[in-house]
2 protein chains.
Amino acid sequence: MSAEGARRRDVTVADVAKAAQVSKAQAARALGNYGAVSDDVRERVQAAAEALSYRPNELARSMNTGKSHTIGVVVGDIENPHFGLATRGITDTAKKAGYNVILVNTDEDREAEVDAVRVLLDKRVDGLIVAPASSVDTGHLQEVHRSGRPMVFIDRTAGDMPVETMAVDMARISREATRYLLDAGHRRIAFISTLRTNAPYTPGMTLESSQIADRIEGMREAFLEYGLAFPEDLVRLNAGDEDSIRSITREVLRGPDRATAAVASDGLIALSVVEAIQELGLSIPADVSFLMYDDFAWTRLTTPPLTVIAQPVYNMGVAAAKALIRQMEGLPPAAPAQFTATLVRRGSVGPCPATTGKPGREQLAGKPA
Amino acid sequence: MSAEGARRRDVTVADVAKAAQVSKAQAARALGNYGAVSDDVRERVQAAAEALSYRPNELARSMNTGKSHTIGVVVGDIENPHFGLATRGITDTAKKAGYNVILVNTDEDREAEVDAVRVLLDKRVDGLIVAPASSVDTGHLQEVHRSGRPMVFIDRTAGDMPVETMAVDMARISREATRYLLDAGHRRIAFISTLRTNAPYTPGMTLESSQIADRIEGMREAFLEYGLAFPEDLVRLNAGDEDSIRSITREVLRGPDRATAAVASDGLIALSVVEAIQELGLSIPADVSFLMYDDFAWTRLTTPPLTVIAQPVYNMGVAAAKALIRQMEGLPPAAPAQFTATLVRRGSVGPCPATTGKPGREQLAGKPA
DNA sequence: GTGAAAGCGCTAACAG
DNA sequence: CTGTTAGCGCTTTCAC
């Protein structure tokens, strides 16, 4: 009987070396494909390795080389197809370059993110791609950056840290979308976001998310351009679960001064907003216009198809991975990529209806040429 | 000037030990929280660690202990919310138990899967959760199983391997859904799937995917129950990209003997099928009934809302992680979980229309009590 | 409790 | 080209 009963210990270079009758060093060289090895030795070693079905221990390898060929990815929520796609872009690119990906979910919670980064670093990932949960509270990220570990941000910025960032110009597209709504005659435009804050939105407040801050800023700018006051009261944050989204939507869409257009800050939220609108007995776009961020395929299937803001998420993932790999390989950064979101006009935005009590007329008068 | 210029080497236990004036062993014990350490030493070590901002090298730790506290997850496509949700269930559970997740995407390609498993094993993950791309070609998985490494399958089986598997009873729900369609008078029911095969579907053929095989089997059984012949010609595989899905849909929905109901095997495919139906000028459910697998939120938003087969994907992820962790910790397996999919009747299935040329009458005659 | 010393599996000098 | 000898950073005997 052979070594069957023994607790199956992994076979190591030493075992292979012995079997191939060469020194451990030579076996290692042949196996690891480095240094100089004669054809004869190489063949014997490979044969032995094959016979013993040897598999290198990457951990040991990493310990010596200092490289793990692994990149850590920290996102808020993989369940959201937005991140799903981005992650796909990252993993596709990483794999092509011989890197693996460790994925950590933070639920957009800063504490979890701090933790995630720490764990990843402890595991000695070669680099990090993170979608910062907060662009304000960035101590942990600054520390990483200071330590010199390669890092790239995706989807959002983290304060003004000098780290390569793959994100779209949110203020720009928000401005464009808002103009579109304004041109359609809307003045009461609601913006609904999941962003968690301690207090309801007030004009000057600091927002954790650069994305949301920029979107609101873009809206404000558009209103300003048109010489109109931005309806701050219609900016609604903390739209967490379905219930809160529904009640927020109802609130905003009721009363004589109701919103005539709603912008949902992501695809998940959009679902509940649209349902709430339908429950209210309002129809899109006759009674209320609707616009959402992210161009998911299903937005083409609703009646009417939804007007959306498309973001090149997959490409951002690809670019993030590429940039990180350049950093890890000590190459100079490529020219900063420019990602532009686009407004996809489908059927959910229509002309502003005369709101209850017909106060719509005078509002429309404010529209510039 | 302090050690600023030096290439910042990671601080190790040795450094901490020196600073705390204790032996390396004691420092390690205090830091790693094992063995016996006096309060005094522990405090000094912790203080020193803090001061030097020491972080353990998990690689080194893993090498010694043989545990990496990492589980490898191999799925076909994270971009698909189906897997996104499952992955979420896995990572949530893993994190709670102190495990990390390395995610690898296979694009449902067996070669890629073989590779993924190998890489993960080389990285010495403690266990594997995989959604087998093929339930036929399972050599690599059998090897893993034979090696004794903890492993759990999710979403589908791999042949008859004795490995814990978290999946729904597909044949059952498919039977139920088919009965529902049959009861509505449909006889020409098409089944459209992305599954890649070398040849078009023929009755006896071996299918790589246990899921798809079971679904077809379920349909066949339902037809049999009703004493009807199963329309094998309407089983369509290889619905890869949008174009092929569209042309398949058109094909199936045209002609005097066209299908009156279509079942889409996943949410991604569903989009194109529905669009193709609309392009054909047909309406759901008046002209053709529609049913799909996976209950994504957006299916409630279409007009009509879509009738779907809901699968407890998140829970399957949770269960898979839990089962794997039990295995890794040497505990006996819990009672095998039972996952049941449910048919969610919304508005996309209606009575069978009289098809072109009205040959529908005699078909309907075949319906049992 | 504590410390010295021996590994884990591999790579990396360094001499031949 | 090849073999010997050190480590990588940590855990783990094994004595004291």
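Proteins get letters first, then strands, A, B, ... in listed order; numbering begins at 1 in each.
Taking 3.5 Å as the limit, the base of dG7(C) and the side chain of Asn64(B) contain a donor-acceptor pair of atoms between them.
A heavy-atom distance below 4.0 Å to DNA chain C is reached by these residues of residues 24-34 of chain B, ordered by number: Ala25(B), Gln26(B), Arg29(B). Within residues 42-63 of chain A, the residues approached by DNA chain C to less than 4.0 Å at the level of any non-hydrogen atom are Tyr54(A), Pro56(A), Asn57(A), Ala60(A), Arg61(A), in residue-number order.
Between the side chain of Asp126(B) and the main chain of Ser68(B), a donor-acceptor pair closer than 3.5 Å is present. Judged purely by atom type and a 3.5 angstrom limit, Asp107(A) has no side-chain atom pairing as donor or acceptor with the backbone of Asp109(A). Between the side chain of Glu113(B) and the backbone N or O of Ala133(B) there is at least one donor-acceptor pair closer than 3.5 Å. Distance alone, capped at 3.5 Å, is enough to place a donor-acceptor pair between the Arg156(B) side chain and the Pro132(B) backbone.
Between atom CG of residue Asn64(A) and atom CG of residue Leu59(B) there is a gap of 10.5 Å, rounded to the nearest 0.5 Å. A distance of 11.0 Å separates CD1 in Ile90(A) from CG in Leu85(A), rounded to the nearest 0.5 Å.
For the residue pair Ala158(A) and Phe153(A), the shortest heavy atom distance occurs at CB-CE1, 3.5 Å.
Here the C1' atom of nucleotide dT2(D) and the CG atom of Asp40(A) are 12 Å apart, to the nearest Å. For the pair Asp39(A) CG and dC1(D) P, the interatomic distance rounds to 8 Å; values are reported in whole Å.
Note on Ser38(B): a side-chain N or O is less than 4.0 Å away from OP1 or OP2 of dT2(C). The shortest distance between the side-chain N/O atoms of Ser23(A) and the OP1/OP2 oxygens of dT4(D) is not below 4.0 Å. Taking side-chain N and O atoms only, Thr12(A) has no distance below 4.0 Å to OP1 or OP2 of dG9(C).
Comparing Gln21(B) and Ala14(A) along DNA chain C, the residue whose closest nucleotide (by nearest heavy atom) sits nearer the 5' end is Gln21(B).
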Open item on the list: salt bridge (charged side-chain N to carboxylate O under 4.0 Å, His left out), that's the test. Do Arg61(A) and Glu58(A) meet it? Break it down for me.
Closed with: CA-CA 5 Å; Arg61(A) 194 169 271 177; Glu58(A) 291 296 342; 3.4 Å; yes
